[in-house]
Amino acid sequence: IALIPLMWLLFTVISRGAGAVFSVDWWTQDMLGVRNSAEGGGALHAIAGTIMQTLVASVFSIPIGIFTAIYLVEYSNGNRLGKLTTFMVDILSGVPSIVAALFIYALWITVLGQQRSGFAVSLALILLMVPIVVRNTEEMLRVVPMDLREASYALGVPKWKTIARIVLPTALSGIVTGVMLAVARVMGESAPVLILVGSTPVTNWFGMFDQPQSSLPLFMLDMWKSGATGAANDRLWGAALTLVIMVVSLNIIARLIASKFSVKK
């Protein structure tokens, strides 16, 4: 029963978006000089923005989340800082994306006087990613048998090396899966891009601090605003399918990495 809506969703997205996605221009051209209602152009500007915003958020979120989980599992021992950290992670896990976006807008743009930009979007995505990475990594570290740790300690191996050489490799597969779930969630967030960055039809890879930068959710909204008919409707569903393809590709790559580097039983 659970598979029925999932398969229906995939069928709808693929059938309506395949016409736009399976085209070279879709992946190599942007919308500069092309009206939303006209044929032509592509989604390169949106793909570039999504990749860069997610990449920057991941660079900060993944190390912070993993090290926080290591502290909670291996070092906190139920002390006050550990309890406070757990409490804050639980709160952040339930924060809606619109609240995270408004917080970054108030702090980064209003208080600090920075511009609306792709980097501001990445800051909001960090707030959404960190609790997911922490929670998933924490659960995977707790699954590692205590016998492995004790055997390492009995051989005189320091605790930090036990964590680095035994605990983390053993839990690597689950950690990578959790990280990919976090990436998949933030990649499709629409609230931060609506509030924190301006839309642009131009491909912008590296101007994340002072220039508008589109993304796939923002591109879909632009197509919807233009009427979602004809070419705009094809691009809307094409952007949705592109987002699905990127998420699936990331998960496949993550599983290959995890299977290659994880500890073999």
field: Gly42 backbone acceptor or donor facing Arg235 side chain under 3.5 Å
entry: no
- request: Taking atom OH of Tyr153 as the centre, report whether more than 12 heavy atoms of other residues, nucleotides or ligands fall under 6.0 Å from it.
  value: yes
Heavy-atom closest pair, residues Gly17 and Leu241: C-CD2, 3.6 Å
query: To the nearest 0.5 Å, how far apart are CD1 in Ile252 and CG in Leu256?
result: 7.5 Å
- line: Closest non-hydrogen contact found for Glu189 with Pro217 is O-CG, 3.6 Å
message: Less than 3.5 Å apart, any donor N or O on the side chain of Thr242 or Trp27 sitting next to an acceptor on the other?
response: no
task: To the nearest 0.5 Å, tell me how far Ile126 CD1 sits from Ile62 CD1.
output: 11.0 Å
task: Answer yes or no: is there a donor N or O on one side and an acceptor on the other, between the side chain of Thr137 and the main chain of Val134, under 3.5 Å?
output: no
- prompt: Taking everything shown except Arg255 itself, do over 12 heavy atoms lie less than 6.0 Å from its CZ?
  reply: no
message: Test your reading of the model: is there a side-chain donor-acceptor pair from Lys159 to the backbone of Glu74, 3.5 Å cut-off?
response: yes
message: Using a 3.5 Å distance criterion without hydrogens, assess whether the side chain of Arg165 forms a donor-acceptor pair with backbone atoms of Val157.
response: no
Separation between OG1 of Thr177 and CE of Met180, rounded to the nearest 0.5 Å: 9.0 Å
task: Using distance alone, with no hydrogens and no angle criterion, decide if Ser122 and Gln53 have a side-chain donor and acceptor under 3.5 Å apart.
output: no
- request: Using only heavy-atom distances, determine whether the side chains of Ser152 and Thr162 contain a donor-acceptor pair under 3.5 Å.
  value: yes
- prompt: Taking the side chain from Asn79 and the backbone from Ser76, do they hold a donor-acceptor pair closer than 3.5 Å?
  reply: yes
- request: State whether Glu139 and Arg135 are salt-bridged, where the test is any N-O pair (Lys NZ or Arg NE/NH1/NH2 against Asp/Glu carboxylate O) under 4.0 Å.
  value: no
- line: Rounded to the nearest 0.5 angstrom, the CZ-OG1 distance for Arg185 and Thr54 is 12.5 Å
message: Whether the side chain of Ser23 engages the backbone of Ala20 through a donor-acceptor N/O pair (distance < 3.5 Å, no angle test) should be reported.
response: no
message: Is there a side-chain contact between Met187 and Leu125 in this structure, where contact means two heavy atoms from C-beta onward sitting under 4.5 Å apart?
response: no
query: Under the side-chain contact (heavy atoms from CB on, under 4.5 Å) criterion, do Ile175 and Leu141 qualify, and how do the steps go?
result: CA-CA 8 Å; Ile175 292 174; Leu141 294 179; 4.3 Å; yes
- request: Please tell me if the side chains of Thr28 and Leu44 come closer than 4.5 Å, counting only heavy atoms from C-beta onward.
  value: no
- prompt: Are Leu81 and Tyr75 side-chain neighbours, meaning at least one heavy-atom pair lies under 4.5 Å?
  reply: no
message: Does Tyr71, at its OH atom, have more than 12 non-hydrogen atoms belonging to other residues, nucleotides or ligands within less than 6.0 Å?
response: yes
field: Test log, rule side-chain contact (heavy atoms from CB on, under 4.5 Å), inputs Met88 and Leu84
entry: CA-CA 6 Å; Met88 297 305 296; Leu84 178 62; 4.2 Å; yes
- request: Please state whether the rings of His45 and Phe219 are parallel, tilted or perpendicular, taking 30° and 60° as the class boundaries.
  value: perpendicular
4.5 Å side-chain heavy-atom contact, Met31 and Val34: yes
message: Test your reading of the model: is there a side-chain donor-acceptor pair from Asn204 to the backbone of Pro212, 3.5 Å cut-off?
response: yes
- prompt: Are Met208 and Leu55 grouped together when hydrophobic residues (ILVMFWY) are joined by side-chain heavy atoms under 4.5 angstrom apart?
  reply: no
query: For the side chain of Asp30 and the backbone of Thr203, is there at least one donor-acceptor N/O pair under 3.5 Å apart?
result: yes
- prompt: Should Leu72 and Ile132 be counted in the same cluster of Ile, Leu, Val, Met, Phe, Trp and Tyr side chains packed under 4.5 Å apart?
  reply: no
- request: Measure across Val247 and Ala184 and return the closest heavy-atom pair with its distance rounded to 0.1 Å.
  value: CG1-CB, 3.6 Å
Any side-chain heavy-atom pair of Val99 and Pro96 under 4.5 Å: yes
message: Would a single hydrophobic cluster contain both Phe11 and Val248, if residues Ile, Leu, Val, Met, Phe, Trp and Tyr are joined by side-chain heavy-atom contacts under 4.5 Å?
response: no
query: Could you state the interatomic distance from OG (Ser190) to CG (Leu221), rounded to the nearest 0.5 Å?
result: 8.0 Å
- prompt: Among the clusters formed by ILVMFWY side chains lying less than 4.5 Å apart, do Leu196 and Phe60 turn up in the same one?
  reply: yes
field: Student check: side-chain heavy atoms of Leu127 and Ile104 closer than 4.5 Å
entry: yes
message: Test of understanding: with ring pair (Phe, Tyr, Trp, His ring centres under 6.0 Å), list the residues that count as partners of Phe119, not counting sequence neighbours.
response: Trp108, Phe209
- request: Check whether any side-chain heavy atom of Leu128 lies under 4.5 Å from a side-chain heavy atom of Leu92, and answer yes or no.
  value: no
Check: Ser215 main-chain N/O paired with Thr50 side-chain donor or acceptor under 3.5 Å: no
field: Closest heavy-atom pair and its distance - Arg116, Ile195
entry: NE-O, 3.0 Å
message: As an exercise, state the distance from CD1 of Ile66 to CE of Met140, rounded to the nearest 0.5 Å.
response: 12.5 Å
message: If I compare all heavy atoms of Ile64 with all of Thr68, which pair ends up nearest, and what's the gap?
response: O-OG1, 2.6 Å
message: Please say yes or no: joined through hydrophobic side-chain contacts below 4.5 Å, possibly via intermediate residues, are Val197 and Trp205 part of one cluster?
response: yes
- request: Locate the shortest heavy-atom distance separating Pro192 from Ala101; write the atom from each residue and the value.
  value: CA-CB, 3.7 Å
field: Residue pair Ile245 / Val21, side-chain heavy-atom distance below 4.5 Å
entry: yes
- request: Before giving the answer on side-chain contact (heavy atoms from CB on, under 4.5 Å), spell out for Ser58 and Met129 the whole-Å C-alpha distance, their side-chain angles and the decisive distance to 0.1 Å.
  value: CA-CA 8 Å; Ser58 300; Met129 277 190 71; 3.8 Å; yes
- request: Determine, step by step, whether Leu216 and Ile47 satisfy the side-chain contact (heavy atoms from CB on, under 4.5 Å) criterion, reporting the C-alpha distance in whole Å, the side-chain angles of both residues, the deciding distance to 0.1 Å, and the verdict.
  value: CA-CA 6 Å; Leu216 287 169; Ile47 296 171; 4.2 Å; yes
